[in-house]
2 protein chains.
Amino acid sequence: MKNAKVNAQTIYESLKEMITCFDVRPGSRITETQVSEYFDVSRTPVRAALQRLEVEGFLNIRPKQGCFIRNIDLVTINNYYDVRLELESMVLRLISEGKNDQELIDLSNDWHPEQLNYGLEITDALKAAEEAFHVELSELSGNNVLVNYLRDISDKIRVVRRMGFPDENSVLFTYDDHYRICQLLLHKDLQQAIDEMKNHIRKSQDTANNVSLKQIYGKKSVFE
Amino acid sequence: MKNAKVNAQTIYESLKEMITCFDVRPGSRITETQVSEYFDVSRTPVRAALQRLEVEGFLNIRPKQGCFIRNIDLVTINNYYDVRLELESMVLRLISEGKNDQELIDLSNDWHPEQLNYGLEITDALKAAEEAFHVELSELSGNNVLVNYLRDISDKIRVVRRMGFPDENSVLFTYDDHYRICQLLLHKDLQQAIDEMKNHIRKSQDTANNVSLKQIYGKKSVFE
DNA sequence: GGAATGGATGTTGTATACAACGATGGATAT
DNA sequence: ATATCCATCGTTGTATACAACATCCATTCC
């Protein structure tokens, strides 16, 4: 890796990306020396990045032994989904009590099923946009604590969530769901908006549960 | 400070305690050198502790400038309380769907209004027990993600929460509330348990909003 | 043969020196 | 008097050396 402005921050971001995209295998071990040689820096900024990742729950540092990438655990993933369901419902409730109609209209238009702003292809950009929709929606709640927790959940379920696009049909459904939820909110139909959101999230959760984790664990790690 | 097994972990814990109890004033600046001299260690373990505290939101590290203790902000505190209300309701729902009757009975007995296990005096131990009750309750939900978020919330609202005991009466009410919530859950009366919990939490939130923050900001910082 | 021992190696934990950058204040020019 | 520049100092960021401990494996002892 070229040493173009590599610092603790960029190392942190790179490692986090590698971990959440499973470029390093869950359960595998990485050492500070390995990473520092990979990025061509000293151990100091690497340590900072690794320690932060440990606090955020992406890996586990065992004293004098090494850093072990956290295993995926379907029970925990489901726990995240359950909490997400509750918090996103809260988001909708707060939005319906506030007055952010213009922002809601904009968000709604972004996902208009006839405009297909993000295309129909299953690209990384589309998946990122799907994730961003939920974050932007939460920001309309006006509760930043809520936003931060939902961001954290997004980080933790990213991989399995991105497997929730098996075909183009699922993409169309996403446009429909997002658009409809916004419209229901605009028409102050909170309860149905919540129901739609729950279905929307449960769909993603179901595919997560059906995914064979073998395709994840089969990948080769970057640091091997 | 004597150098008896002072390491990054203990520095982290000490600093966190100081910050959440306002032994260091919000908004004030501390430097790595200050802290390292205070604990009589090098900057290295201090940096680890400070960086962790930054990730957890207790302070803000400005490059080449210093670490600034995060200010208390009543809006954010209220945001935490609002999310807490939602998540503790979820806890009750999950408990009512599970089967942890024995643990519930134990917890209930701990707070029996006629036994007064934790006394009537407004001590630190009592306040810690109040906090522990909610954590232990959440653990009965079986959802560890939920437990972690509630722990985080506890950390963030600790100070204002602990001001929610103005007199002995409030202590008695705490026994009543805790006991009643457990009993309602045991009798599968979920909705009323949730209502009681909401009242219980709102009481704490109200006192938080009425507290004059001056008594917090008036304290003298340890590192000055 | 099996268990205990001891050394070699690898890893994180800590101390320290230096680098990079921001802030401050005084000197100087206009 | 005011604005600009420059040097100094303080602070965090990084590199590196060393310390402490865990693990592994060969050797030794019974």
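Each chain gets a letter, A, B and so on, in the order the sequences are listed, and its residues count up from 1.
Here D:dT14 presents its C1' atom at 13 Å from CG of A:Asp40, a figure rounded to the nearest Å. In this structure, CZ of B:Arg29 is placed 11 Å from C1' of C:dG22, rounded to the nearest angstrom. Atom-to-atom, CZ of A:Phe68 to P of D:dT23 comes out at 9 Å; the value is rounded to the nearest Å. For the pair B:Glu37 CD and D:dG10 C1', the interatomic distance rounds to 13 Å; values are reported in whole Å. For B:Asn7 and C:dT12, the CG to P distance is 17 Å, given to the nearest whole Å. The distance from atom CD of B:Glu32 to atom P of C:dT16 is 15 Å, rounded to the nearest whole Å.
The residue B:Thr44 sits close to a base: some heavy atom pair falls under 4.0 Å. Backbone-only engagement by B:Ala8 is indicated by non-hydrogen atom pairs under 4.0 Å involving sugar-phosphate atoms exclusively. Using a 4.0 Å heavy-atom criterion, one finds that A:Ile30 contacts the sugar-phosphate atoms exclusively.
In this structure, of D:dA15, C:dT16, D:dG13, it is C:dT16 that holds the atom nearest to the side chain of B:Ser42. You'll find that the side chain of B:Arg43 is closest to C:dT16, out of C:dT11, C:dT16, C:dG13. For A:Cys67, whose side chain is taken as the heavy atoms from C-beta onward, the closest listed nucleotide among C:dA15, C:dT12, C:dG10 is C:dT12.
Between A:Tyr149 and B:Tyr149, the angle of the ring planes lies from 30° to 60°, which puts this pair in the tilted group. Relative orientation of the A:Tyr118 and A:Trp111 rings is tilted, given thresholds of 30° and 60° on the angle between their planes.
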After noting the C-alpha distance and the side-chain angles of B:Lys127 and B:Arg158, does the key distance pass the side chain to side chain contact (heavy atoms under 4.5 Å, CB included) rule? CA-CA 10 Å; B:Lys127 294 173 181 177; B:Arg158 178 159 301 127; over 6 Å; no
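Using a 4.0 Å cut-off on heavy atoms, the residues of residues 49-65 of chain B that approach DNA chain C are B:Lys64, B:Gln65, listed by number.
Pairs engaging residues 72-94 of chain A under the ring pair (Phe, Tyr, Trp, His ring centres under 6.0 Å) rule: none recorded [sequence neighbours left out].
In this structure B:Glu121 satisfies the salt bridge (charged side-chain N to carboxylate O under 4.0 Å, His left out) test with no other residue, sequence neighbours excluded.
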